[in-house]
Amino acid sequence: MMEGFKLLVNTLAHPTIMLTAGMLVFLFFFPPNDWFEKWNRRLHLNFLWTKKGFYFVIILMVVFFLIGLTDPNFSLIIKKPDNVPIIGLIFFVFIFLWISMSQALKNDKLIDAGEKPEEYNDPEDKVLVWPDLVYIEFIALILCMSLLLIWSIGLDAPLEGPANPADSPNPSKAPWYFLGLQEMLVYFDPWLAGVVFPSLILFGLMSIPFLDTNPKGGGYYSYKQRRLAIPIFLFGWMILWVALIVIGTFLRGPNWNFFGPFEFWDLHKLVPLTNINLSEIIYIKWFSVGLPENILVREIFGFLIVFGYFLLLPPLLAKTAFKKLHQNLGNFKFGLFIFLLLFMLSLPIKMYLRWLFNLKYLIAIPEFFFNI
Amino acid sequence: MSDKKKSNIFQQLGKSQVWKSIIRSGIPRTRRQRMMSVLNSLFLHLHPVRLPRHAVKLRFTWCMGGLTFFLFLVLTISGILLMFYYRPTVEYAYTDMIDLGEQVPLGIMREIHRWGAHAMVITVWLHMFRVFMTGSYKPPREFNWAVGVILLLITLLLSFTGYLLPWDQLAIWAITVGANMARATPFLGHEGPGAALLALGDINFVHIGSDVKFALLGGRFVGEAALLRFYVLHCIGLPFIIMILMAVHFWRIRKDGGISGPT
Ligand code: HEM
């Protein structure tokens, strides 16, 4: 039975299945519109944000890691000293997601009933920083320091063999907080995954306050009043950042091949490399002619797709799904918003193109290091 | 009996010239004294004197910003202690690491520094998550959110530059993976799209010896120069920037009307 369980987990953990499931379920848990909200209510998904739901998930996670510890392959990964914080991260992300969502739902109910959110209080009725805040800060500080001390006494900082530029370990991994970017390298070239995407992430984060012009929902937890902002942010943060870090850390072994959590990291695992470019699919597979000499002719279809994606989709969306948003934001802000959103979504899109069609590049001009 | 005696000692202490020279308002017992003790202290007056009730609730801020700052202080102190023992050269860096573990009494400074750094990365993320979920980036706090994003970036860069310093296999290869991305920077990396355009006739301006990766590492690969560069950035450059930005961040929290809340 144990073997069956491990096999099941190994299979389900594959990015194709895990991320697909995650993205499908995501919109039902964080409904962006009435339709999804209806299903959210019908399926009682808000159970997750109740106390019972909290214990349910925490126990599930603890049991999973305890079982994992009994497995030689899994415990090898999670006991790696630098991987310990990521286990902490998994728990903390859930715990704080739970706190914010359960508080948000409480406030939503209050607001629906015409009352003020729970955080509200009489402006006249204030507390003194000394002692009320200083005391809490002091306790938080002591707790934090004790945790850090216990962690430091219990777990030695790693030190591997001395640096040897001639001997590159397999896999070579970036520090864990950049593993989402390294995981992106599977789907995009380094100029995108390592430079353009990180820059746009920073730029996108900074522009949030200017693009989210919704005047409601500032200064208290709420969900209903921010049904667009919260799902987009959570999608980017939890799925495209945290989940990719977890995959990159726990599930990528030698040669950056995928390995299930209970799978042995076999150096010689063979994964067929059958990825081909769009130009090859079109010219060679469909038309059975050779690739044209001229680069622009060769890559014309890729350019059309990419330009169509960034130039045709925005006006189309402005007239359909995001009609109201477009009216609220105006052309410039809406354009920026949709550009950032499309860029973010291009990552999962490229993933699926890879998984479904073995597509390597939409546009492949290796002559100029320009591959998309 | 003993209770009375204790309070006497404290009361007397509060009246003593030494105490009064440091904390003018005496022992903070009355409402007035408590307010004055916050107002008159350089450190405490980062806070306002009075706060709305929700702002001191753990449930609202999770204390995440405060903990991030606290971890930064812990990292500064443990980092200074580590600097006593560590020399940033290819010859000594690794052996100094071993000595730190084996020779230095109560040697958990390295652990505190490393795990503290990991913890700080996590608390910054969670702090950003909290600020987002309470919608606290909305006007008038747009600018402070942007300052926060830069703080986040610098926290990651601090962590990244520190990762190289042990000079073990883990270190140089992690930094190699990271730095390799730099060579693909559009226009500025020698393997980046557009770099070939920055040329005059046969002369390439962006080549392996002049691109951003070279600037980052001070060489073509992770070696002696990279170690020194990362060390200087890690111990002086980035802490300098992050401290200035933290000051701006804290200042703006007050200037933007204190911690956000429903109106
Ligand atoms: C080194 C990193 C950082 C430190 C030390 C820090 C510290 C703090 C502290 C102590 C507060 C007071 C309230 C609280 O504890 O939550 C705060 C508030 C705030 N922080 Fe940060 N922060 C950091 C990074 C960030 C980041 C990454 C962001 C967002 C991207 C951010 C945005 C904000 C905003 C908008 C507020 C005001 C919140 C409100 O009024 O409710 N900070 N920060």
Side-chain angles (χ1 to χ4, degrees), chain A residues 85 88-89 92 96 100 103 116-117 119-121 125-130 132-133 136-137 140-141 144 148 151-153 156-165 168-169 172-175 177-178 182 189-191 194-195 202 205-206 208-210 217-221 226 233 237 368-370, chain B residues 28 34 37-38 47 49-54 56 58 60 63 66-67 70 94 97 108 110-112 114-116 118 121-122 126 129 132-138 142 145-146 149 153 156 160 163 166-174 177-178 181 184-186 191-193 196 221 260-262:
Chain A
L89 180 70
F92 279 132
F96 286 107
S100 51
Q103 190 65 33
K116 298 251 183 197
E119 285 89 354
Y120 181 80
N121 41 48
D125 173 36
K126 291 197 169 173
V127 291
L128 287 182
V129 161
W130 184 293
D132 292 85
L133 178 61
I136 290 175
E137 284 176 341
L141 213 137
C144 176
L148 189 56
W151 188 3
S152 299
I153 292 169
D156 283 344
L159 190 66
E160 296 190 352
N164 179 0
S168 89
S172 292
K173 292 195 177 185
Y177 35 84
F178 287 148
Q182 199 176 357
D189 265 18
W191 72 279
V195 185
L202 292 174
L205 281 174
M206 286 200 250
I208 287 178
F210 305 97
Y220 52 93
Y221 294 98
R226 303 172 63 207
F233 180 84
W237 192 60
F368 292 104
F369 303 112
F370 188 81
Chain B
R34 286 173 171 177
S37 63
V38 172
H47 299 300
V49 172
R50 299 183 312 148
L51 278 171
R53 237 163 238 291
H54 78 276
V56 302
L58 213 49
F60 186 68
C63 214
L67 284 181
F70 174 64
Y94 184 74
M97 280 291 135
I108 59 164
R110 221 194 123 211
E111 277 70 20
I112 290 185
R114 193 180 187 97
W115 304 142
H118 285 338
V121 170
I122 294 177
L126 292 174
F129 179 46
F132 185 87
M133 291 306 272
T134 57
S136 303
Y137 55 82
K138 301 196 175 199
E142 309 100 309
W145 167 270
V149 175
L153 170 70
L156 293 179
F160 183 68
Y163 217 85
W167 204 248
D168 62 344
Q169 280 289 73
L170 202 61
I172 66 158
W173 288 103
V177 170
M181 302 212 184
T185 312
E191 283 184 10
F221 47 84
S260 60

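Here is the naming used below: chain letters follow the sequence lines, and residue numbers restart at 1 for every chain.
Put simply, OH on A:Tyr221 and OG on A:Ser100 are 6.0 Å apart, with the number rounded to the nearest 0.5 Å. The distance from the CG atom of B:Leu51 to the CG atom of A:Asp132 is 9.0 Å, given to the nearest 0.5 Å. Distance check: B:Trp145 CH2 to A:Ile208 CD1 gives 4.5 Å after rounding to the nearest 0.5 Å.
For chain A, the nearby part of B:Val177 is the side chain; its heavy atoms alone come within less than 4.5 Å. Using a 4.5 Å cut-off between heavy atoms, B:Leu67 touches chain A through its side chain atoms alone. The contact between B:Tyr163 and chain A is made entirely by side chain atoms (from C-beta outward), counting heavy-atom distances below 4.5 Å. Both the backbone and the side chain of A:Tyr220 come within less than 4.5 Å of a heavy atom in chain B. The contact between A:Gln103 and chain B is made entirely by side chain atoms (from C-beta outward), counting heavy-atom distances below 4.5 Å. Using a 4.5 Å cut-off between heavy atoms, B:Ser37 contacts chain A through its side chain alone, with no backbone atom that close. With a 4.5 Å cut-off on non-hydrogen atoms, B:Trp167 touches chain A through its backbone and its side chain both. Only the side chain of A:Asn121 comes within less than 4.5 Å of a heavy atom in chain B; its backbone stays farther off. For A:Lys173, the part lying under 4.5 angstrom from a heavy atom of chain B is the backbone only.
The greatest number of non-hydrogen atom pairs below 4.5 Å with chain B, out of A:Phe370, A:Trp151, A:Tyr120, is found for A:Trp151. Considering only heavy-atom pairs separated by less than 4.5 Å from chain B, the leading option among A:Gly217, A:Pro85, A:Ser152 is A:Ser152. Counting heavy-atom pairs closer than 4.5 Å to chain B, the top-ranked of the candidates A:Phe368, A:Phe92, A:Tyr177 is A:Tyr177. Per-residue counts of heavy-atom pairs under 4.5 Å with chain B were compared for A:Pro169, A:Gly88, A:Gly161; the largest is that of A:Gly161. No other option in B:Trp115, B:Phe160, B:Tyr94 has as many heavy-atom pairs under 4.5 Å with chain A as B:Trp115. The candidate from B:Glu142, B:Arg53, B:Met97 with the greatest count of non-hydrogen atom pairs under 4.5 Å with chain A is B:Arg53. Interface summary for chain A: among B:Ile172, B:Leu58, B:Leu153, B:Val38, the most heavy-atom pairs under 4.5 angstrom belong to B:Ile172. Ranked by heavy-atom pairs shorter than 4.5 Å toward chain B, the options A:Leu148, A:Ile153, A:Leu159, A:Leu89 are led by A:Leu159. For chain B, the option among A:Leu141, A:Leu202, A:Ile136 with the highest count of heavy-atom pairs below 4.5 Å is A:Leu141.
Summarising the geometry of A:Gly219 relative to B:Ser260, their closest heavy-atom pair is CA-OG, 3.8 Å, with the distance given to 0.1 Å. The heavy-atom pair separating B:Met181 from A:Val195 by the smallest distance is O-CG2, 3.7 Å. When all heavy atoms of A:Arg226 and B:Met133 are compared, the closest pair comes out as NH1-O, 3.2 Å. Minimum interatomic distance between B:Pro166 and B:Arg114 (heavy atoms only, all atoms of both residues): CG-NH1, 4.2 Å.
The aromatic rings of B:Phe132 and A:Phe233 sit parallel, their planes meeting at an angle under 30°, below the 60° perpendicular limit.
You'll find the side chain of A:Trp237 reaches within 4.5 Å of the side chain of B:Phe129, heavy atoms only.
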Worked verdict on A:Asp189 versus A:Phe369 for side-chain contact (heavy atoms from CB on, under 4.5 Å):
CA-CA 9 Å; A:Asp189 265 18; A:Phe369 303 112; over 6 Å; no

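The side-chain contact (heavy atoms from CB on, under 4.5 Å) with B:Val56 is formed by just one residue from the set A:Leu128, A:Val129, A:Val127; it is A:Val127.
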